[in-house]
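Note that the numbering runs from 1 along the sequence shown for the chain.
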Amino acid sequence: MNDLQLYGWSDELFQQKQHSNFKDLPHGRVTVTHKTCYEVVAEDAFYTCELAGNMLYGKSSSEYPCTGDWIIFQPIDTDKGIILDLLPREKTLYRLKSGTVSERQAIASFIDKAFIVQSLDQHFNVRRVERFIVQTADEGIQPVLVLTKTDLGFNREETENALKHISGKIPVFYTSVESKESIALLRAFISPGETIVFTGMSGVGKSTLINALCGQEVLQTGAISDSTGKGRHTSTRREMVLMANSGVLIDTPGVKLFGVTNDNADNLSEILNISDYEGECRFSDCQHISEKGCAVIEAVENGEIERGVYESYLKLRREAWHYTASVYEKRKQERSFTKMVKNSYKDKRE
């Protein structure tokens with residue numbers, strides 16, 4: 001038997017289930033997402049499930065289950081089942097779907113904390129950290145920066161200086177799998193029943209870190225290539241593991257580009273410390289680009305705001321605006337198409 005409370009099941013989720021037409025069937029949580037099926041943990045066993053026709057053909061691919069989702073299913077064998085319904089998602093980590101401008105892809109759901117993993121080598125990139133933080137802001141997910149490979153040697157002062165505009169807002173951990181103390185500190189930050197998603201580029205050590213936190217090899221890892229600095233066998237799927245007497249960890253494939261889908265400019269300003277200056281601008285609708293009397297631009301010129309942070313703010317805001325405009329235009333086209341179909345159907349009946 002599996003204790004689903006350890007996986008995050010709660011009274012609130014039970015109440016959500018009562019609204020489903022399939023409330024009398026068993027429920028479970030998606031632990032691994034494959035292309036055509038899903039691995040699910042339920043109270044009585046682990047199942048491999050496929051989507052029922054009402055979900056496969058009645059929903060868009062962006063609405064299909066993702067790792068972390070709670071589903072209701074019909075068992076059809078001792079270890080197989082059909083997913084019939086999906087409980088409403090909460091605290092979901094999204095990314096912009098590759099090749100699109102307005103479609104979000106759910107990476108993991110019901111997330112309490114997002115461990116943004118960066119290695120302290122030549123691939124360290126504070127702009128990437130900012131991008132990940134922005135994506136968690138609207139979902140109520142607590143971002144946590146986890147810096148790995150401290151044993152390889154790094155300039156601590158330089159790193160702390162690069163992170164000074166965000167280190168006061170989110171927890172920052174310096175770790176190495178060679179340092180049991182650093183792993184113990186990170187492990188203590190995970191509470192029973194919490195769900196943690198690990199995100200970052202390939203080769204930063206996400207799977208290795210999860211194995212260290214669990215105290216055993218629960219995920220396959222590979223050697224690091226000397227030429228690329230990346231793992232030769234890195235994660236290719238979103239996979240969940242349960243820590244003994246602790247929380248749930250979700251490993252995700254490394255991503256090169258994490259397209260912004262957060263359209264909340266206020267959150268963006270707050271994250272990058274721009275909001276402290278916005279109220280001082282001469283014009284209330286100042287865009288902080290070239291306006292006279294802009295306190296943000298003045299702070300950049302005075303060195304109070306690092307130019308790289310300011311440029312990152314403009315880039316992320318532009319991406320968020322472009323995403324929002326694309327979504328609006330897409331919905332407008334969909335409404336127009338729906339209206340056209342209804343009118344056509346009405347004309348035929350008359």
Side-chain angles (χ1 to χ4, degrees), residues 3 6-8 31 67-68 108 111-126 128-129 132-133 136 141-164 166-226 228-235 237-254:
D3 183 354
L6 294 177
Y7 285 89
T31 60
T67 302
I111 303 303
D112 296 295
K113 295 170 182 171
F115 281 9
I116 303 165
V117 185
Q118 282 259 311
S119 57
L120 288 165
D121 54 17
Q122 68 270 27
H123 299 292
F124 174 75
N125 187 323
V126 69
R128 193 173 293 118
V129 174
F132 280 116
I133 294 174
T136 67
I141 301 171
Q142 180 183 6
V144 179
L145 179 57
V146 181
L147 301 170
T148 62
K149 306 180 182 180
T150 58
D151 56 294
L152 298 182
F154 70 103
N155 187 321
R156 179 129 188 174
E157 182 179 355
E158 185 178 297
T159 302
E160 289 179 346
N161 187 56
L163 296 170
K164 64 182 179 181
I166 56 177
S167 58
K169 293 182 170 62
I170 69 170
V172 179
F173 289 87
Y174 288 80
T175 69
S176 166
V177 293
E178 305 298 328
S179 168
K180 292 183 179 179
E181 182 182 358
S182 69
I183 299 301
L185 287 172
L186 188 60
R187 187 184 294 119
F189 195 65
I190 304 170
S191 301
E194 279 190 333
T195 297
I196 317 295
V197 66
F198 288 67
T199 187
M201 287 189 67
S202 296
V204 296
K206 298 189 299 295
S207 300
T208 303
L209 185 60
I210 289 175
N211 287 341
L213 287 167
C214 292
Q216 58 181 313
E217 189 163 343
V218 294
L219 296 176
Q220 181 183 4
T221 61
I224 299 297
S225 167
D226 292 332
T228 66
K230 298 180 180 180
R232 296 192 180 100
H233 302 287
T234 53
S235 300
R237 62 187 186 183
R238 291 172 281 280
E239 185 169 357
M240 177 188 295
V241 297
L242 178 66
M243 287 179 66
N245 304 312
S246 191
V248 170
L249 313 181
I250 298 178
D251 190 22
T252 61

Engineer: For Pro171, give me all partners under side-chain contact (heavy atoms from CB on, under 4.5 Å), at least two apart in sequence or on another chain.
Structural biologist: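 Scan of Pro171 (side-chain contact (heavy atoms from CB on, under 4.5 Å), adjacent residues dropped) gives Gln142, Val144, Phe173, Phe189.
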Engineer: Kindly give the heavy-atom pair with the smallest separation between Val197 and Ala108, and that separation in Å.
Structural biologist: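 Closest pair (atom of Val197, atom of Ala108, distance): CG2-CB, 4.1 Å.
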Engineer: So which atom in Thr175 and which in Ser182 form the shortest heavy-atom distance, rounded to 0.1 Å?
Structural biologist: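 Nearest heavy atoms, Thr175 then Ser182: CA-OG, 3.6 Å.
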Engineer: Nearest 0.5 Å, please: how far is CZ in Arg128 from CD1 in Ile133?
Structural biologist: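 Answer rounded to 0.5 Å: 13.0 Å.
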Engineer: Got a sec, which residues hit side-chain contact (heavy atoms from CB on, under 4.5 Å) with Ser191, two or more places apart in sequence or on another chain?
Structural biologist: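 Testing Ser191 for side-chain contact (heavy atoms from CB on, under 4.5 Å), a comparison that skips the adjacent residues, returns Glu194.
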Engineer: How long is the straight-line distance from CG of Asn211 back to CD of Gln216, given to the nearest 0.5 Å?
Structural biologist: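 Nearest 0.5 Å value for the CD-CG distance: 8.5 Å.
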Engineer: The criterion is side-chain contact (heavy atoms from CB on, under 4.5 Å); which residues satisfy it with Asp3, sequence neighbours excluded?
Structural biologist: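 Gln5, Leu6.
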Engineer: Could you list all the salt bridge (charged side-chain N to carboxylate O under 4.0 Å, His left out) pairs where at least one residue sits in residues 182-193, not counting sequence neighbours?
Structural biologist: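 Salt bridge (charged side-chain N to carboxylate O under 4.0 Å, His left out) check on residues 182-193 returns no pairs.
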Engineer: State which residues pass side chain to side chain donor-acceptor pair (under 3.5 Å) with Asn125; sequence neighbours excluded, sorted by chain then number.
Structural biologist: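 Expected list: none.
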Engineer: Run the numbers on Ile250 and Ile111 for side-chain contact (heavy atoms from CB on, under 4.5 Å), then give the verdict.
Structural biologist: CA-CA 9 Å; Ile250 298 178; Ile111 303 303; 3.9 Å; yes
Engineer: So, using salt bridge (charged side-chain N to carboxylate O under 4.0 Å, His left out) as the criterion, who are the partners of Arg156 when residues are at least two apart?
Structural biologist: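 Testing Arg156 for salt bridge (charged side-chain N to carboxylate O under 4.0 Å, His left out), a comparison that skips the adjacent residues, returns Glu160.
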Engineer: Taking all atoms of both residues into account, what is the closest heavy-atom pair of Ser176 and Thr150, and its distance?
Structural biologist: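 Scanning both residues completely, I find the closest heavy atoms to be CB-OG1, 3.2 Å.
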Engineer: For Ser119, check side chain to side chain donor-acceptor pair (under 3.5 Å) against everything at least two apart and list the hits.
Structural biologist: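 Expected list: Asp121.
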Engineer: Can you name the ring pair (Phe, Tyr, Trp, His ring centres under 6.0 Å) partners of Phe124, sequence neighbours left out?
Structural biologist: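 Once residues adjacent in sequence are excluded, Phe124 has no partner under the ring pair (Phe, Tyr, Trp, His ring centres under 6.0 Å) criterion.
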Engineer: For a 4.5 angstrom cut-off between non-hydrogen side-chain atoms, does Leu249 reach Phe115?
Structural biologist: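 No. Closest side-chain heavy atoms not under 4.5 Å.
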Engineer: Do Val241 and Asp251 touch side chain to side chain, with heavy atoms closer than 4.5 Å?
Structural biologist: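 No; the side chains remain at least 4.5 Å from each other.
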Engineer: What residues form a salt bridge (charged side-chain N to carboxylate O under 4.0 Å, His left out) with Glu178, not counting sequence neighbours?
Structural biologist: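 Not a single residue meets the salt bridge (charged side-chain N to carboxylate O under 4.0 Å, His left out) criterion with Glu178.
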Engineer: Heavy atoms only: give me the nearest Ala114-Ile141 pair and the separation to one decimal.
Structural biologist: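 For Ala114 versus Ile141, the nearest heavy atoms are N-CG2, 3.6 Å.
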Engineer: Output all residues satisfying side-chain contact (heavy atoms from CB on, under 4.5 Å) with Asn161, sequence neighbours left out; order by chain, then residue number.
Structural biologist: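 Per chain and number, Asn161 pairs via side-chain contact (heavy atoms from CB on, under 4.5 Å) with Lys164.
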Engineer: Nearest 0.5 angstrom please: Ser179 OG to Leu185 CG, how far?
Structural biologist: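 Rounded to the nearest 0.5 Å, the OG-CG separation comes out at 8.0 Å.
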Engineer: Could you go step by step and tell me if Leu152 and Leu120 meet the side-chain contact (heavy atoms from CB on, under 4.5 Å) rule?
Structural biologist: CA-CA 8 Å; Leu152 298 182; Leu120 288 165; over 6 Å; no
Engineer: Start with the C-alpha distance between Gln118 and Leu147, add both sets of side-chain angles, then the distance that settles side-chain contact (heavy atoms from CB on, under 4.5 Å), and finish with yes or no.
Structural biologist: CA-CA 5 Å; Gln118 282 259 311; Leu147 301 170; 3.8 Å; yes
Engineer: How many angstroms lie between atom CZ of Phe154 and atom OG1 of Thr159, to the nearest 0.5 angstrom?
Structural biologist: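 That separation rounds to 5.5 Å.
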Engineer: Using the side chain to side chain donor-acceptor pair (under 3.5 Å) criterion, which residues pair with Thr195? Sequence neighbours excluded.
Structural biologist: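 For Thr195 the side chain to side chain donor-acceptor pair (under 3.5 Å) partners, ignoring immediate neighbours, are Arg29.
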Engineer: Starting at CD1 of Ile166, measure out to CD1 of Ile116 and round the result to the nearest 0.5 Å.
Structural biologist: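 Reported to 0.5 Å precision, the distance equals 7.5 Å.
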Engineer: Please check if atom CG in Asn245 has more than 12 non-hydrogen atoms from other residues, nucleotides or ligands closer than 6.0 Å.
Structural biologist: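 No.
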Engineer: Any donor and acceptor pair, going by atom type alone, linking the side chain of Ser246 with main-chain N or O of Met243 inside 3.5 Å?
Structural biologist: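 Between the backbone of Met243 and the side chain of Ser246 there is no qualifying donor-acceptor contact (under 3.5 Å).
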Engineer: Donor-acceptor pair, Lys206 side chain versus Gly200 backbone, under 3.5 Å?
Structural biologist: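 Flag set: sc Lys206 to bb Gly200 pair under 3.5 Å.
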Engineer: Just by distance, do the side chain of Thr252 and the backbone of Phe198 share a donor-acceptor pair under 3.5 Å?
Structural biologist: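 At least one qualifying donor-acceptor pair exists.
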Engineer: Sequence neighbours left out, what passes side chain to side chain donor-acceptor pair (under 3.5 Å) with Thr148? Give chain and number order.
Structural biologist: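 Not a single residue meets the side chain to side chain donor-acceptor pair (under 3.5 Å) criterion with Thr148.
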